[in-house]
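Remarks on the structure that follows.
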Amino acid sequence: MLPNRFTRRETLRLGLGAMGLSLPSVLGLRDHASAAVKSTHHAANGFGRAKRCIILFAWGGMSHHETYDMKPDAPAEFRGIFQPIATTVPGIRIGEHMPYLSRQVHRLAIIRSAFHRSSAHGKGMYWNLTGRPTPQPEVATNNEATGQDWPTIGSVISKVRGAPSGLPGCAMLPYQMWDNMTRQGGHDAGWMGRAYDPIILKPAQGKAYGGLSRDTGIASLQLPEGIDRTRYDSRRSLLSSLQASGDGQAPNFERFRGLANELLLSPKIQAALDLEREEPKLRDRYGNHIGGQSVLLARRLVEVGVPVVTVCMAAGDLNGSAGDHWDTHGNNFNRLKDQMLPPYDRAF
């Protein structure tokens with residue numbers, strides 16, 4: 001007999017034949033499961049129960065052989081030097097340098113079959129965050145961001161789901177993604193229009209492991225020194241009276257300026273951005289580096305109502321090929337063990 005509740009993983013592990021299920025039985029179970037899913041989801045707008053989402057994106061490409069898809073039985077020249085460790089799900093093992101995540105695998109859906117056909121990081125990122133391949137995906141050169149790109153997932157959610165008044169529809173932390181001096185396509189709104197671009201934020205706390213990345217688009221949501229709220233409001237009023245909207249960019253510019261003003265003056269957003277409000281012990285658990293503090297800030301942003309936040313989950317700043325990201329061309333095992341996996345494991 002089947003238990004009242006069983007997981008898909010358990011079903012696949014046992015096998016249909018071992019459970020004595022015929023095709024009609026399987027179809028009946030499928031219909032039953034479908035009805036159960038529909039009863040627990042909000043049918044009004046097509047969305048499920050999740051209200052908000054944090055995307056941790058491993059810029060540069062995390063090595064799956066050292067993390068989620070170990071090959072412990074492969075020949076030594078293929079399997080690497082890390083050892084697999086047990087997890088909370090029998091039969092699933094992950095890399096030894098992810099001990100915290102090993103205790104949470106029962107909460108994960110690990111997909112090992114995804115791939116793309118390009119060796120260019122930007123094109124791989126584009127495919128991951130938009131669901132669409134770039135033109136000529138097999139060519140190992142990146143594409144600079146353009147207004148014809150497909151929109152990133154955060155921008156799509158921003159348009160169809162929206163955000164409470166005064167909040168951005170989506171955000172990206174702690175910086176945009178560049179490669180070889182080129183801003184990559186796939187992490188903004190593309191042809192949907194600038195109104196749905198993620199707002200770029202960076203935590204004030206958190207050290208950089210390596211060099212410094214571009215701060216292009218980073219929002220500084222603090223009033224200038226010497227400018228109080230009353231003076232700021234009078235400046236806004238004066239600027240509005242002088243503003244002439246002449247070109248087609250004016251609506252987008254006005255929209256972003258209005259949003260920036262709201263964020264600058266919103267007690268809710270200002271409180272979310274102030275990581276000092278967190279208990280020091282909890283803040284330290286995320287890790288005192290840009291990656292961990294960005295994840296903490298993402299959590300605080302979704303708690304106040306931002307629908308989706310994408311975190312470029314590196315240990316520190318990107319700084320080209322010399323920074324602390326997953327593009328480990330050299331010294332791979334030491335970089336993963338010492339720089340990349342501990343911050344990722346702890347923050348995630």
Side-chain angles (χ1 to χ4, degrees), residues 3-14 40 48-74 79-114 128 173 203 205-207 209 275 278-303 308-316 324-326 328 332-348:
N4 289 332
R5 298 187 65 178
F6 59 94
T7 67
R8 178 166 50 187
R9 184 182 288 117
E10 289 166 343
T11 304
L12 295 175
R13 188 173 71 242
L14 290 171
T40 58
R49 289 173 293 174
K51 295 182 176 66
R52 287 173 279 281
C53 175
I54 296 174
I55 301 168
L56 302 187
F57 187 77
W59 175 234
M62 180 185 293
S63 171
H64 53 281
H65 284 176
E66 278 72 59
T67 53
Y68 293 104
D69 195 9
M70 305 281 290
K71 306 293 185 185
D73 300 322
R79 68 172 180 259
I81 64 174
F82 295 166
Q83 299 301 311
I85 57 174
T87 70
T88 51
V89 178
I92 293 183
R93 294 183 290 174
I94 62 176
E96 63 180 303
H97 298 294
M98 300 194 299
Y100 291 106
L101 275 170
S102 72
R103 306 170 200 165
Q104 303 295 335
V105 169
H106 60 286
R107 302 176 183 271
L108 305 182
I110 299 175
I111 301 171
R112 292 170 168 160
S113 57
N128 271 272
L173 309 173
Q205 291 87 351
K207 65 182 180 181
Y209 277 31
L275 300 185
E278 288 283 353
E279 289 290 331
K281 184 177 180 180
L282 178 61
R283 196 168 65 240
D284 291 343
R285 285 181 62 191
Y286 282 81
N288 184 27
H289 42 72
I290 290 177
Q293 296 304 293
S294 294
V295 177
L296 173 57
L297 180 54
R299 193 211 80 199
R300 293 175 63 83
L301 287 170
V302 299
E303 285 177 344
V308 56
V309 180
T310 301
V311 179
C312 180
M313 185 55 211
D324 301 301
H325 51 85
W326 301 95
T328 54
N332 173 68
F333 298 115
N334 287 328
R335 289 185 66 185
L336 288 174
K337 178 183 68 172
D338 299 330
Q339 293 175 292
M340 301 309 303
L341 286 174
Y344 169 80
D345 181 49
R346 177 178 289 273
F348 187 12

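Numbers for residues simply follow the sequence, beginning at 1. Since we're looking at a predicted model, the values are computed, not measured.
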**Asked** When you look at R346 and Y286, which way does the side-chain contact (heavy atoms from CB on, under 4.5 Å) test go after all the steps?
**Response** CA-CA 6 Å; R346 177 178 289 273; Y286 282 81; 5.9 Å; no
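- Other residues, nucleotides and ligands contribute at most 12 non-hydrogen atoms within 6.0 Å of the CZ atom of R107.
- A heavy-atom distance below 4.5 Å is not found between the side chains of D284 and K281.
- The distance from atom CG of L336 to atom CE of M98, rounded to the nearest 0.5 Å, is 10.0 Å.
- Proximity of a side-chain donor or acceptor of R335 to a complementary backbone N or O of T328 within less than 3.5 Å is not detected.
- For the atom pair R103 CZ and I85 CD1, the distance stands at 8.5 Å (nearest 0.5 Å).
- The line from CG of D69 to OG of S113 is 10.0 Å long, rounded to the nearest 0.5 Å.
- Interatomic distance, NE2 of H65 versus OG1 of T67, reported as 9.0 Å (0.5 Å rounding).
- Here the closest non-hydrogen pair linking P84 and P72 is CG-CB, 3.8 Å.
- No side-chain donor-acceptor contact under 3.5 Å links Q83 to the backbone of G95.
- Counting heavy atoms from C-beta on, the side chains of F348 and L108 come closer than 4.5 Å.
- Considering only residues two or more places apart in sequence or on other chains, K337 meets the salt bridge (charged side-chain N to carboxylate O under 4.0 Å, His left out) condition with none of them.
- Across all non-hydrogen atoms, the minimal contact from M62 to Y68 is SD-CE1, 3.9 Å.
- Between the side chain of T87 and the backbone N or O of R93, no donor-acceptor pair lies under 3.5 Å.
- The closest donor-acceptor contact from the side chain of R52 to the backbone of V308 lies at 3.5 Å or more, if one exists at all.
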**Item:** Trace of the salt bridge (Lys or Arg N to Asp or Glu O under 4.0 Å) decision for R299 with E278
**Value:** CA-CA 11 Å; R299 193 211 80 199; E278 288 283 353; 2.3 Å; yes
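- Put simply, the side chain of T88 does not reach to within 4.5 Å of the side chain of Q104, judged on heavy atoms.
- When all heavy atoms of V105 and I94 are compared, the closest pair comes out as CG2-CD1, 4.3 Å.
- Tested against I55 for a side-chain contact (heavy atoms from CB on, under 4.5 Å), the candidates V309, T310, N128 yield a single pass: T310.
- Counting heavy atoms from C-beta outward, M340 and W326 have side chains that approach closer than 4.5 Å.
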**Request:** Run the numbers on W59 and C312 for side-chain contact (heavy atoms from CB on, under 4.5 Å), then give the verdict.
**Result:** CA-CA 6 Å; W59 175 234; C312 180; 3.5 Å; yes
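- Atom CD1 of I111 is surrounded by 12 or fewer heavy atoms from other residues, nucleotides or ligands within 6.0 Å.
- In this structure, H97 and F82 have side chains that are in contact, with non-hydrogen atoms separated by less than 4.5 Å.
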**Message:** Set out, in order, the CA-CA distance, both residues' side-chain angles and the distance that settles salt bridge (Lys or Arg N to Asp or Glu O under 4.0 Å) for D73 and K71, then state yes or no.
**Reply:** CA-CA 6 Å; D73 300 322; K71 306 293 185 185; over 6 Å; no
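- Pairing each heavy atom of L341 with each of E66, the nearest pair is CD1-O, 4.3 Å.
- V295 approaches M313 most closely through the heavy-atom pair CG2-SD, 3.6 Å.
- To the nearest 0.5 Å, atoms OG (S294) and CD1 (I54) are separated by 11.0 Å.
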